Amino acid sequence: MMTLINTFLADKGIYMLTLLLLSLGVAGVIVCNNYMKKLICMNVMQVAVIFFFLCLGQKSPGTIPVAMDTVVKASDYINPLPHGLMLTAIVVSLGTTGVGLSLLLRIREKYGTIEEDDMLRREELMTRVEKNGGKRD
Amino acid sequence: MTLILQAVLLLGLIGITLAIIFGKDLMISVVIYCAFSFLTMLLYNIMGAPDVAFTEAVIGVISTVFFIIILKSIDRKTK
Amino acid sequence: MTNLIGNTPVLIILLPLCSALLCLALTAVSKNLGSLVVKISCLGSLVLSVIQLCMVVSGGTIHYAIGNYAVPYGIEFVIDSLNAVLLVAFSLMGFLTVIFAGNFSDNKNHFKTAGAYAELALLITGILGMTSTGDVFNLYVFLEITSLSAYCLISLGGSRGVVSAYRYMLVGTIAATFYLLGIGILYATTGTLNMGDMSNILNEGGHDGAMLVAMCFLIPAFGIKMALFPFHGWQPSAYTHAEPGSRPLVTGVMGKVPALAMFRFFYCIYGTDFRFFRIALMLLGILSVIGMIYGSLMAMGQNDIRKILAYSSVAQIGYISLGFAIGTPIALAGSFLHMLGHAFMKGGLFFCTGAIRYKYGTVDINDFGRIYKKMPLTCGLLVIAALSMIGIPPTAGFFSKWYLALGAAGQHEWIYIAVLVLSSLLNAVYFFRLIEKVFIRQSSDLKTRWESEVLELPVTLIIPIVACFLAILGIGLFNVKIIDVLLMTLEGVGL
Amino acid sequence: MRKTITIILLITAVFVPFIAFNVLPVIGDPSSAPNTHVSDHYIEHAIDECNSPNMVTAVIVDYRAFDTMFETTVMFLAGLSVIMILANRPKKKIFAPSSLKRFRESGHPIYKTVNKDVMISIIEPVILIYAIYVLFHGEVSLGGGFQAGALIGMTYLLDVMVVKREKPIFNLPKKRAAAIAGIGPFIYALTGFISIIGGGLYLEYNKFPFPIHQAELHSIGITAVEIGVTIGVAGTIITILNALMERISFDDDIN
Amino acid sequence: MINFMALELRPLYAVLVSLIASGLIYVLGEHIRPNAREAITMVAAVCKAVIVYSLIPAVLAGTEIKLEVFKIVKGVSFAFNVDPAGMVFACVASTLWILTSIYSIGYMRGHGEQNQTGYFAAFAMCLCAATGLCFAGNLITFFIFFEVLTVATYPLVVHYRDAEGTVSGRKYLAYTLISGQIFFAAIVIVYSVSGTMDFVPGGFITKDMLPMPWALVVFFMMIGAGIVKAGVMPLHSWLPAAMVAPTPVSALLHAVAVVKAGAFCTLRVVLYVFGPEMAKACYGADILAWMAVFTIILSSFIAMRKYNLKARLAFSTVGQLSYIVLGICILTPYSTAGALYHIVAHAFMKITLFMAAGAIFVTTHKKDIREMVGIGKRMPVTMMAFTAASIGIAGFPFFVGFVSKANIIMGAVSMGKPVFVATLIASALLALTYLMPVVLVAFKKNVDNPEFDEGGDAAPAMLIPLVITAVISIILGIAPNAGLHLFDLAVMAGNQIFTPLM
């Protein structure tokens, strides 16, 4: 039973869950009405991808990629490449989050709301005002 | 064995994500996002990526702090 | 010195990068030093890229391994004739934009100006890097640099700009994530990140499934970044509300680079032997055809010149991807020619818009009436660029359309020719509407910010306008030379 | 409605290919493609080529150092973007300490039991020392420039969020932090440029024009680069934090 | 060392002269005095005429003048090839540019027009394009100039910048751009099936390249651009609408460049791309000929109902242009020569008519024929010239129209097409019925219209050109070869095309 679950997980299960997490993240970005939640979901999405990459680098008997000895055998250590890549990806995600947050603050100041539907209504109003040459109708 | 642990943690992450999406209070969302970050760190560690885990730990704290600072100036409640 | 010449591929990118990094610090030293350094470095980058083009034309593809590690282990820059030409065009456009941007900066606040320059320089860095890299993950990093600086530059354009930037950021991050997932799958299949190496391994056969799955993620990723038809939602408002100084670069060049990356993936990495290649081309063809019609139709209904141009970009990106969808070397060359041409057309149109806005403070085409008497040069470019968009010879747009149509005829895709004709007619509708407004409409008196008897505009605005004017005509008249250089690379990869 | 359709399309688009094709390697398989082709080289040659037992460090600051340079640039870019976006906002006082002030004045028990100023001044040096350790020890054990920078940023965060001092432990207000954040990646870029002067390719540590043993050159290169990363990341985090909290404005320092 | 005076380079110079003039006028435009602007135009016009005339002897001698400037698209050069057919059109265009320029100076000043910079620049650009069309050696060069002509005419059509002008400008663009883009698609198809684009007398497309139904489709895709510009019904409606433009522009549109470019395009496509055999085999020529017949008759009837003088002349143009199309589609050497010569004939006659109409408008501000009773008293010279041109249009012997029509009729007879012969003769009578009333009204005796008692004739700058053109049209009627050997050139062109077939 245990081995069966293990095989399933190794074969498809973990990937499935990761992808589910990713889809949830993307869905959250699309569905959520609140800009803050969209931002959090964006982070979730990025975590899912990072996780996906790390899955690729796992090696069942391997240890962490810090050499214990001067002579190293490739099969003893976990693949370091995805780790390197994902460090970059994490940093990028932090940067994006920072920019997103400052934009959020700015939006809140200009529009007084961070809800998508309010925003749309307000934008529509602004467009109408612009069309009427600055006068409200 | 690690795979099962990973699967469980992943399920936890999925649950947290759902809670974030359907939550009504942004402060709660942010705080459980902090928990999310912590679980992620654990997960990375289990997968043998301590460097990434270390980074995630630091980043998790910093981004949570960012979120909370922002929450000060926007409405907590959402529809 | 010879040593430096050998390092041109990386120096082209380092120059704007370093100037951006130091911009703020230098501004603390002296007020205008930061922006000056950015301008000089962009000029240097332009000069180097021209030198590099000469090197590539005479000596063939340059492979530059950073850190001198053997190919699949380190990061590699591959400059083939295609990249080299595009690099020249993009760095020229970057240089022009940097000159142009000075007129829109806040003169009182030097640090803010310096910050805007740094953002612009980083955008240029990202664009040039994406163009020249030969490593899929490095491409991602450059993609992020491009995107982040674009988010910032778009958000600087007022309160509407902030919302546009936020939406673009969400969508753009989804695109970046999909891209990562796509290259993750390819990495899982091949175990390498180098484009050439990846291509070799994939072409051994047996990886069709993985390639298909990766493609499912990569098409939306590039589609979003280049604003291909169903993924273009973010684009019109972002282009409309971007910061005026940087708009030519954002609109003219930013959408082209992901298109280049898309080309690299499908033609250079996947190769034409891929089993689902034809299906993918057909799909891409359908998307671009719809995009060309839709973009033009939407542009017809707008009054704001920026919106018109933004929607027309959706259509023009359709031209580029149509070339990819046809797939013969000549059509691909047409596609790249259109990429070059459109960079200058759209950039040029936005230079004009910026100049008009600078002088008269308006962007509504109903206010444009008869400004051509006051600004003959600007309106001259406006007309030439508009004609080029429609595809009237002897401007650049006509010739790219010619090669696209020729490629389509070679593949017996008559419907594509019909769509090209239809789309240029739709373009004609709104561009002649614009020209009509500029030349015909009487208008109320507009207040001017720039009073000079000798020049219609400051020199820093005239230089980009004249340069774009010459570039559009030059690309048109000397297209054969460019096409020959492009075909050096494309002969091997097309259908 | 449109959203629902989008999501359904999305989920199908994500899952159908995975179910249809068995494209991904089995997790943990040592002989799968990603674990063999390039990664073997990294694992086996990290020590002799880069003199770095930590393979991840070897990958990020030696084999793929160019990526990391731009990663640091992304950090700088993020910081710059944040202050650009938030510039010209109405300046307000730092709210975090003042909001905590209410706690303090209302006599919350925590302020009676622990003297947090003392606490913080003990913790901060420890974190800083740890950061420096992580920075310089990155090639041997876990960590590296990024983590060190983030830790320094965290120190600043603790400092400004918890304590209301006349002068913070390091006074890095406003745009100065952003300028410093730019200098970090510049040090990185410059390190790469030194090897060009030495006659090599960009970021080729072997070609540093210093008369030292090759392995040492790599160590020097890695350390220099890590210092750059640290400065960049620390500067950026401080910048973003300042910008978000203090609502910095460029208007107040017109020269 | 390049010989800068070489024969081969002259067509290039002819094109460049007006291009440079156009650029100079546009750039200097508002900064220089009107005199300078007009001087540039005149100098360029004279230079161009000299350059074009200098090519005639060589062409008559049968010398091949070919120039490949550079590769314009991959595999195809930007090529000039001076042949008799092109020479005829080029001579007409360059000669008339001088006269029209003199006339425009008079008209513009007399009328106090606005936007003169744009006017002169666009005019020079049109002439540049028209000359390019004449000398173009292959389809793509031809197309480039064709589109440049389309665009350059637009500012002239909308010259007054008013609502009416805008509407006709839109109409003009809609017709010409759509047909131009379809022309473009057809060129692509032709190039991809045949691999060549050089004009060959007698055509280069064979049945193997384009099987039957497609041949007809491509034929009409290509010919569409030509017949739109030439105003063949039912695609003519932009032409009367463009009448809102100033009279020199109408003269340009109708006589010098634009509609003639359409007719010339038809000629090139039918005889130099498809060739007589192919055009006949795919029924394209027949269908086009019947369209032309229909146009000739119908336009005459419409012209009779118009009382605006310029509108009447416009419909007259529609009819006369179809003569050329008909002449081309009869597909014999005679009719081809006649069609080419009709380009000359119609140009001189119609420009006289338009200049006269413009002179009347500037001098008396009259547009409607019914108000012109007795105008001959005030403007005798103008109206004499008008009369001469009218008779010429009707095809009286000793007027230039006779030569061309006789040739076309001879061609029709030799092909055994009685309907075409009948049409041509009937239309001559119809032309009389719509143009003679104007003359009769003008010279009506016993009417004393007080408006026309004083004031005298039109200003000399307008009068001189129109007298010259009227005189030329009589001279050419008596001696078709006078001066420029235009008739010989036309006959040469006809023979060149049909000789290989015989």
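Just so we're clear, the structure is a prediction, and the values are computed from it rather than from any experiment.
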Asks: Do C:Y69 and D:Y63 have their ring centres less than 6.0 Å from each other?
Replies: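 Distance test on ring centres: under 6.0 Å, yes.
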Asks: Where on D:N206 is there a heavy atom nearer than 4.5 Å to chain C: the side chain, the backbone, both, or neither?
Replies: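 No part of D:N206 comes within 4.5 Å of chain C.
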Asks: Tell me, side chain or backbone of C:A114 under 4.5 Å from chain D's heavy atoms, or both, or neither?
Replies: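 Neither part.
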Asks: Mind ranking C:V10, C:L22, C:L11 by heavy-atom pairs under 4.5 Å with chain D and telling me who comes out on top?
Replies: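 Option with the top pair count is C:L22.
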Asks: Side chains of C:F274 and C:M215, heavy atoms from C-beta outward: is any pair under 4.5 Å?
Replies: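 Side-chain contact under 4.5 Å: yes.
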Asks: Counting only heavy atoms closer than 4.5 Å, note whether C:L148 contacts chain D via side chain, backbone, both or neither.
Replies: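 Its backbone and side chain both get close to chain D.
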Asks: Heavy-atom cut-off 4.5 Å, strictly under: side chain, backbone, both or neither for D:Y42 against chain C?
Replies: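 When you check distances to chain C, only side chain atoms of D:Y42 fall under 4.5 Å.
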Asks: Between chain D and each of C:D135, C:L156, C:V162, count heavy-atom pairs under 4.5 Å; write down the option with the most.
Replies: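 Answer, by heavy-atom pair count under 4.5 Å with chain D: C:D135.
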Asks: Compute the centroid of each ring, for D:F66 and then for C:F77, and state whether the two points are separated by less than 6.0 Å.
Replies: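 Ring centroids of D:F66 and C:F77 are less than 6.0 Å from each other.
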Asks: Given a strict heavy-atom distance threshold of 4.5 Å, which part of C:L122 is in contact with chain D: side chain, backbone, both, or neither?
Replies: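 Side chain only.
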Asks: Under 3.5 Å, is there a donor-acceptor pair between the D:H45 and D:D40 side chains?
Replies: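 Judged by distance alone, the side chains do not pair up.
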Asks: Report which part of C:Y151 has an atom under 4.5 Å of a heavy atom belonging to chain D: side chain, backbone, both, or neither.
Replies: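 Neither part; nothing is under 4.5 Å.
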Asks: Could you verify whether a donor N or O on one side chain and an acceptor N or O on the other, from D:N54 and D:T57, lie under 3.5 Å apart?
Replies: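 D:T57 and D:N54 do have a side-chain donor-acceptor pair below 3.5 Å.
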Asks: Verify whether the ring centers belonging to C:Y179 and C:F217 lie closer than 6.0 Å.
Replies: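 Between C:F217 and C:Y179, which both carry aromatic rings, the centre distance is not below 6.0 Å.
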Asks: Please check: side-chain N/O of C:W234 versus main-chain N/O of C:I224, any donor-acceptor pairing under 3.5 Å?
Replies: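 Answer holds: yes.
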Asks: Between D:Y202 and chain C, which part of the residue has a heavy atom less than 4.5 Å away: side chain, backbone, both or neither?
Replies: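 Both parts, heavy atoms under 4.5 Å.
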